Every structure is written in C-alpha cells, then in structure tokens.
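Note sheet for the following structure.
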Protein chains: 2
Amino acid sequence: MTDQSHLTLQRTRNPWGQGEKLRTEILVASARLLSELGGEEALTIRGVARAVGIAPASIYQHFADKAALVVGLLEYDYQRLAEEMHIARDSLPVPDAVGRLRAQMRAYCRFAIENPGHYRLMLNNRQAAPKPDGAERGPLAEIANLVVLAFEACGAAGHRLRVPASKAAIMVFVGAHGRVALWHSSPDETDAQDIVPFVDELISLVFADSVD
Amino acid sequence: MTDQSHLTLQRTRNPWGQGEKLRTEILVASARLLSELGGEEALTIRGVARAVGIAPASIYQHFADKAALVVGLLEYDYQRLAEEMHIARDSLPVPDAVGRLRAQMRAYCRFAIENPGHYRLMLNNRQAAPKPDGAERGPLAEIANLVVLAFEACGAAGHRLRVPASKAAIMVFVGAHGRVALWHSSPDETDAQDIVPFVDELISLVFADSVD
DNA sequence: TAAGTTACCAAACATACGTTCACCAATGAC
DNA sequence: GTCATTGGTGAACGTATGTTTGGTAACTTA
C-alpha cells in the first residue's frame, strides 16, 4: 500500500461527471422532504433515497452517515439564511440604518415562516451545526451578531435606544424566535401574517425616539 | 349483550385496589424519564415499562396507546405549570400588581428551566394538549391569558404601558419563551441564570413608568 | 365454593430505521 | 482492448419501536 499519489498528478474523480451533482440533488430532495413533511423525523435515509429515485445504499456514496447528511443540510440552510439577511442589509431601497435593521429581521422571519422544517432543524441541531469559518461561536450566534451590528449602526446614526445595543438585539432576536416558534407549534391558532408586524413593533419598542 | 349496568349499581373496578395507583405511577415514571433523558424520543412504551418495573403490555391496561400516555403527561404538566403560576399570583409577599406579574413570569421561566424535557413536550404537542375545561383555546393560550390579566391589573393599578396590555403580555410571554428555547437548544452557550433577569428587563421595557 | 372480572405477563407480530455487503455497470487512462 | 476506479444496486443484518394475543394469577361477588 505505497502512496503513489505523487506520480499520477491528476486523478480521476468523476468518471460520470455527475458526482457533485447527485450530492446536491440529494441535499435538495432532503430539503424538499423537510419542507413538505415538516418534522426532523421525516428526514430518513430511505425517504430521501425514494425522493431522489435511487437506492438507500447509494446515499452512502456521498455522505458518510445520516449525521453527515444533516450537517450538509445545516450548512446549506445557514448559508441561505445568512445570504437573505445580508441581501436585506445591503439592499438599496432602504439606505437608513433602522430600515436595514427592519429588513434584516423581516428576512429572518420570512425564512422561518416559509421554511418551518428547516428552521426547526437548525435550532434543534445547533451543536452539530458547522462553524462558519473557524469561528468560535456557531452560525446562529453569528447571525445574532449581525443584528447587534445593525443596532449599533442605528445608534451611530443618532437613534437612541432604551437599552444597550447588544441587549436590544437579543430582545428583538429572541422575541422574533419566540413568536415564530409559537406559530410553528400551533399554526392554526394564530396568523403568520401577524409575525412581521409584531417584530416591527418590538423593534419600535426598544427605541426611545420614534422610528416608524 | 343487554346493558345491565342499572341493576348492579356498584361495579367492582379495582379488585386489587391499586388500579389508579399504578396509572399515576406510570405517569410519574414517564415524567422522570422525560426529565432525565430530555428529548421526547426518550419516551418509549418499553422504557416506561422498564422504569416502572412491569411488562410493556401492561401499559395498555391503563392507556389506550402511546398518544393517550402523552396526553396524560400533558394534562399533568399543564396543571403543574398553571398551579405554580397561580400560586405565584396569589402569594402574599408580593401584594402589588407588578410584583405579581414578575413572580408569575419568574415561575414560568423556572418551570421551563427545571423541566426542559416537559417544556419541550408541551410545546411540541400543543395540538394534542387537552383543553382545560371545555374551553375553546388550549392550555398554553390559557396561561398566556393569565399574563394578559396580570398586565391589565398593572394598568388598573395606575401603571402606564407603552403598548396595550394584550400586546405587552404577548411580547413578554413570547420573549420568555424564545429566550428559554434558545437556552434549551444550546445550554452551554449561555447561562440559565441570565434568563430570569432578562425577562425582568423585558417587563420593565414595556412599562412607561419606572417599575423596579 | 364457583363464577366473573381485573391486572399482569411472556412471546410474538408488524413495521421502520440506519447500515453493510457482494456484485454489476459505466467510464477514463493506458 | 484492458483495467482500475467509481456510482449504483438488491438483499440482507441488526436494532428499536408500538401493539396484539393467549394465558395465568388475584381478587370480589354471589
């Protein structure tokens, strides 16, 4: 078993040319399965294989085990959420700091409402979530820090907060999460339409000056 | 199969005299199992039977199926939570309205912190939760209404709120739930000790006058 | 004592899951 | 063409679950 990798520089990796394609296809099918059936318990190797149209054993060509599949999904989901919130932050139609903050939280709520299965997966597996880029804290804490920065920007823009920016961010972030979680646990009891206005009011509450 | 129940008025129900006793013993064992192992997936018929010291089949003498066992647990848990919050409301050392409100929310947080498995079971099975006494809304909504009443009492006592009492109650209740849920999803990341002070600050925030 | 009811159990049934194994098929390198 | 490599598969293994069944022992009632 001598290592000869230094001899053949360019090893063949994808004889069929569709190695990575099927991997993402598996992830997409898992995501759809999670969206349609909701709970994490709906995410089974056999179910994913059935959705993709391959044999259960074939999954193991692309993922070491089920935990690796979940990690792949988490990575995919967190990147998606972070992108939507970043886009919301940098979007042109809201040049002011408070508007960006509102857009950011609105994007967060929209993601949680439109992807309940994913959102719950992300929050129930925070330990397994892959760290963004060698950072100490997890991806959700990274996103929460985005909100802290947005609040600090509001302070820098001259707005007055009733509590320090870091605490204000936690209040709003945690409030949004709680409101979404309560809707998830009983969607018929309340209307998803009320979530975004609620968070908007929560944001207004932490500001001492009027920010409509 | 003629119904003769009107002839023998007093039917024998517990030949051994421990019919109900074992039923509650099963519930208690389930509760302990849920507390020690955390997740709802730890609540299995076989596990409960092993914990009680009986055969799995014996469970079905007291509960129609696993769902009925969960319903029994929910009933037990919601009653426990409601009692703790009622006690907090009627306790003597806090005669003022704001103090009672704070004690109530503190009791809520304490319950969620000390019984994470139960708390998650309650919120993940809100649909299956038995309605208190023929009421329209579920038990959690009933508890949330308790907070609304507490806020209205504060208003009646002369305190000024930044938002209507019903909305203030939702903000605080939802904030507490969100804060607790985040701690549950990653207990090592934050300290449980911070939850109660956080909710206290949240309460102060919705009041326009100083209520320390 | 005899009948009837209840609590309980050992064993099995049916299902679903994650995972592994031996094997086949297609492809690029030589 | 030959061959190693890789993607894919059917069938099985091992495990865990909820649930049912047939039967036994304990107790009340008559």
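So that the names make sense, note that chain A is the first sequence line, chain B the second, and so on, each numbered from 1. Being a predicted model, the structure only gives us computed values, none of them experimental.
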Can you list, pair by pair, the side-chain donor-acceptor contacts under 3.5 Å of residues 163-182 of chain A, counting residues two or more places apart and other chains?
unit_1: A:Lys167; atom_1: NZ; unit_2: B:Glu201; atom_2: OE2; d: 2.6
unit_1: A:His177; atom_1: ND1; unit_2: A:Tyr119; atom_2: OH; d: 2.8

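- Nucleotide C:dT19 holds its P atom 13 Å from the CZ atom of A:Phe63, rounded to whole Å.
- Proximity of B:Ser58 to the phosphate of C:dA7: no side-chain N or O atom is located under 4.0 Å from OP1 or OP2.
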(request) Let me have a per-nucleotide readout for nucleotides 16-22 of chain D, 5' to 3', with B, S or -, counting only protein heavy atoms under 4.0 Å. (result) -BBBBB-
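- The nearest whole Å value for the distance from the CD atom in B:Glu25 to the C1' atom in C:dC8 is 14 Å.
- Counting heavy atoms from C-beta outward, B:Cys154 and B:Leu101 have side chains that approach closer than 4.5 Å.
- Judged as a side chain to side chain donor-acceptor pair (under 3.5 Å), and not counting sequence neighbours, the contacts of B:Ser35 are B:His118.
- In this structure A:Thr44 satisfies the side chain to side chain donor-acceptor pair (under 3.5 Å) test with no other residue, sequence neighbours excluded.
- Residue pairs that meet the salt bridge (Lys or Arg N to Asp or Glu O under 4.0 Å) test with at least one member in residues 38-50 of chain B, sequence neighbours left out, do not exist here.
- Remark: P of C:dT20 and CD1 of A:Ile59 are 14 Å apart, rounded to the nearest angstrom.
- Counting to the nearest Å, the P atom of C:dC21 and the CD atom of A:Gln61 are 13 Å from each other.
- In this structure, B:Ser58 has no side chain to side chain donor-acceptor pair (under 3.5 Å) partners at least two apart in sequence or on a different chain.
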